[in-house]
Every structure is written in structure tokens, then in C-alpha cells.
Amino acid sequence: MSQSELQKVAAAAWRIRRYALRMGEVQGQGYIGQALGIADVLATAFSHTMNFRPEEPEWEGRDRFLLSHGHYAIAYYAALIEAGIILESELETYGSDDSRLPMSGMATYTPGMEISGGSLGQGLSIAVGMALGLKQKQSSALVINSMSDGELDEGSTWEAAMSAAHYQLANLINLIDVNRQQADGNSQNILGYEPLQDKWSAFGWYVQRVDGNDLKQVIAAFDKAKNHQAAVPRVIICDTLMGKGVPFLEERDKNHFIRVDADEWQKALAVLDTQPQGVA
Ligand SMILES: Cc1ncc(C[n+]2csc(CCOP(=O)(O)OP(=O)(O)O)c2C)c(N)n1
Ligand SMILES: [Mg+2]
């Protein structure tokens with residue numbers, strides 16, 4: 001990839017982190033660790049890979065992005081702002097009554113939100129149905145499902161994984177945000193899921209595993225997933241760091257749901273502002 005493309009995506013990731021922190025400040029709380037962790041992956045999806053029309057979010061030919069982990073909505077709204085699907089000014093309404101940006105993702109509230117994903121473990125099944133429908137219509141649109149590592153604990157995920165391979169869904173990319181945390185603590189201690197590459201491979205998927213905060217790796221993996229020739233579904237396992245980009249948030253022990261002191265949001269934004277925008 002060119003240096004200018006890399007810088008473009010890096011600048012998008014930086015802005016996504018900034019929008020998410022500003023929304024966190026509006027409510028004084030939120031799933032901000034996840035947003036900072038997944039920003040590079042979202043920036044790659046929306047600024048590099050996906051085909052969509054910002055002014056026409058329901059355009060039939062669009063690539064679909066499914067936010068299976070609905071509690072990551074703050075991250076996704078930031079990506080939708082970056083994509084030009086919602087206005088930056090709207091972030092001031094985040095989480096308030098009458099807002100189009102509720103704290104958990106709701107398809108009926110927000111343009112560009114394809115599903116209401118808060119009940120974890122459902123997104124991949126929906127993605128399989130969508131990808132199968134698009135394939136039957138001979139559409140060239142991609143379906144990208146984004147799921148969290150906690151969703152690996154759900155049986156429905158594995159049923160969907162098996163179905164995707166059975167139906168040879170080459171138009172399906174599954175992203176797994178492996179931040180190694182869940183609501184109750186460390187994922188491996190709750191229900192061990194490794195070795196993940198071997199599992200997805202055994203289920204018939206084209207598997208890549210990357211450092212989800214290394215933009216070069218993430219962009220290359222999206223390119224390979226899109227261009228891979230075999231008629232199999234694709235998974236990108238993304239190892240990410242919760243709070244990435246703001247050291248005092250990276251270091252927190254339990255990062256699932258963050259309440260920080262009022263002044264810490266500004267401190268976090270100030271830390272981000274010291275980082276060169278657009279440099280990966
Ligand atoms: C089916 C279902 N079970 C339980 C929950 C409650 N819940 C909300 S977030 C969460 C943690 C899931 O793990 P993960 O998404 O990896 O957590 P994170 O990385 O965001 O800390 C749980 C159990 C839910 N939303 N849906
Ligand atoms: Mg997790």
C-alpha cells in the first residue's frame with residue numbers, strides 16, 4: 001500500500017478515537033476502552049475497504065458492516081462520523097433522550113447501523129443470511145461482521161461459522177476483536193478459546209491473525225481477505241489493546257465499562273493531541 005494511503009487511514013483512526021472520547025465525555029462514561037482498541041480496524045473498514053454512499057446509507061450496492069457487539073456503538077458512531085454518514089455535531093447528543101445515537105447500537109435509530117446487535121452472539125448468523133442473499137442476487141457487495149472475543153463463548157457463533165463455509169460465502173469477512181477481556185474479566189479464564197486460528201481453519205475459513213493496532217498489518221489483511229480467490233468465508237482475528245492511544249486508559253486493570261473523572265476526558269483528548277495525526 002502507498003504511504004499516502006497509510007497516512008489517510010491513520011488520520012481516520014486518530015479522528016475516530018477523538019470522536020469517541022468526546023462522546024464519552026458527553027455521558028461521563030462508556031465503552032471507551034473498546035472504541036480506542038478497535039479504532040484502527042474501523043478506520044481501515046470505512047476509509048480503505050468498504051464501498052458505500054454516505055448520502056445514501058441504504059444504497060443496495062453498499063458493503064454491509066454489522067456491529068454484532070452492540071455495546072461498541074460509541075466506536076461505531078465515531079466511524080459513521082468519519083464516513084460522513086452522520087454529522088460530527090450530532091455527537092453532542094450521544095446517549096440522551098431523542099438522540100439517534102443510543103448507548104447500544106439500534107438499527108432503527110441510526111443511519112448506517114445495519115443491525116441491533118446488543119444481544120451478543122447473533123451478528124455472524126445474520127451476516128451469513130445477508131451474505132447468502134447477496135450471493136444469490138449475484139451482488140458484489142461484501143458483508144463484514146464485527147464481533148468481540150466474548151462472543152466466541154456463544155454456540156450460535158460456531159453454528160454460523162459452519163454454515164458460512166457450507167454455503168461458500170466468499171463475500172463474508174468476520175472480524176474478531178480479541179482484546180482478551182469480557183465483562184467478568186480475562187477471557188481466557190472465563191472460557192478458553194485458543195487456538196483460534198486452528199479452530200476457524202478447521203471450520204473451513206481463510207484465516208489471518210494480525211496485531212489489530214498495527215495499521216500496516218490490518219490494511220494488508222483486509223486487502224488479502226477481499227482479494228482471496230478460494231470460495232470460502234474469511235476471518236481476520238485482530239489482537240487489540242483496550243484503551244490504545246491513551247496510556248492511562250491502556251493501563252487500567254478492568255476496562256470493560258469505564259467511568260472516569262470529569263477532567264480525565266480532557267486529559268485523554270490532550271494525550272491524543274500530542275500524537276502526530278496521520279502517522280501510523
Ligand atoms: C447474549 C448476551 N449475554 C450477555 C450479555 C451481557 N454483556 C454485555 S457486554 C458483555 C461482555 C462480552 O464480552 P466482550 O464483548 O468481549 O467484552 P469487552 O471486550 O467489551 O469487555 C456481556 C457478557 C449480552 N449483552 N448478551
Ligand atoms: Mg472482549
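Counting starts at 1 for both ligands and their atoms, in listed order.
- Here is the list of ligand 1 atoms found below 4.0 Å of a heavy atom in Glu154: 1 (C).
- Under 4.0 Å from ligand 1, not a single heavy atom of His69 appears.
- Between Phe46 and Phe65, the ring centre distance stays below 6.0 Å.
- Remark: ligand 1 and Ser148 share an N or O pair separated by less than 3.5 Å (distance only, no angle test).
- Using a 3.5 Å distance cut-off with no hydrogens or angles, the side chains of Asn51 and Asp63 do not pair a donor with an acceptor.
- With hydrogens and angles ignored, the 3.5 Å screen pairs a side-chain donor or acceptor of Asn213 with a backbone N or O of Leu241.
- Protein heavy atoms are absent from the space less than 4.0 angstrom from atom 4 (C) of ligand 1.
- Inclusion of Asp149 in the first shell of the Mg ion (ligand 2) is supported: an N, O or S atom falls under 2.8 Å.
- The residue among Asp149, Ile38, Ile190 with a heavy atom at the shortest distance from atom 16 (O) of ligand 1 is Asp149.
- A donor-acceptor pair is defined here as one N or O able to donate and one able to accept, closer than 3.5 Å; no such pair exists between the side chain of Lys135 and the backbone of Leu169.
- Considering both main-chain and side-chain atoms, Ser119 never comes within under 3.5 Å of ligand 1 through any nitrogen or oxygen pair.
- Among the atoms of Asn179, an N, O or S atom falls under 2.8 Å of the Mg ion (ligand 2).
- Close approach to His71 involves these atoms of ligand 1, each under 4.0 Å from a residue heavy atom: 9 (S), 15 (O), 17 (O), 18 (P), 20 (O).
- Heavy atoms of Met242 come nearer than 4.0 angstrom to ligand 1 in at least one pair.
- With a heavy-atom cut-off of 4.0 Å, Asn179 touches ligand 1 through its side chain alone.
- Taking backbone and side chain together, Gln181 holds an N, O or S atom under 2.8 Å from the Mg ion (ligand 2).
- Inspection of the His69 and Glu151 side chains reveals no N or O donor paired with an N or O acceptor under 3.5 Å.
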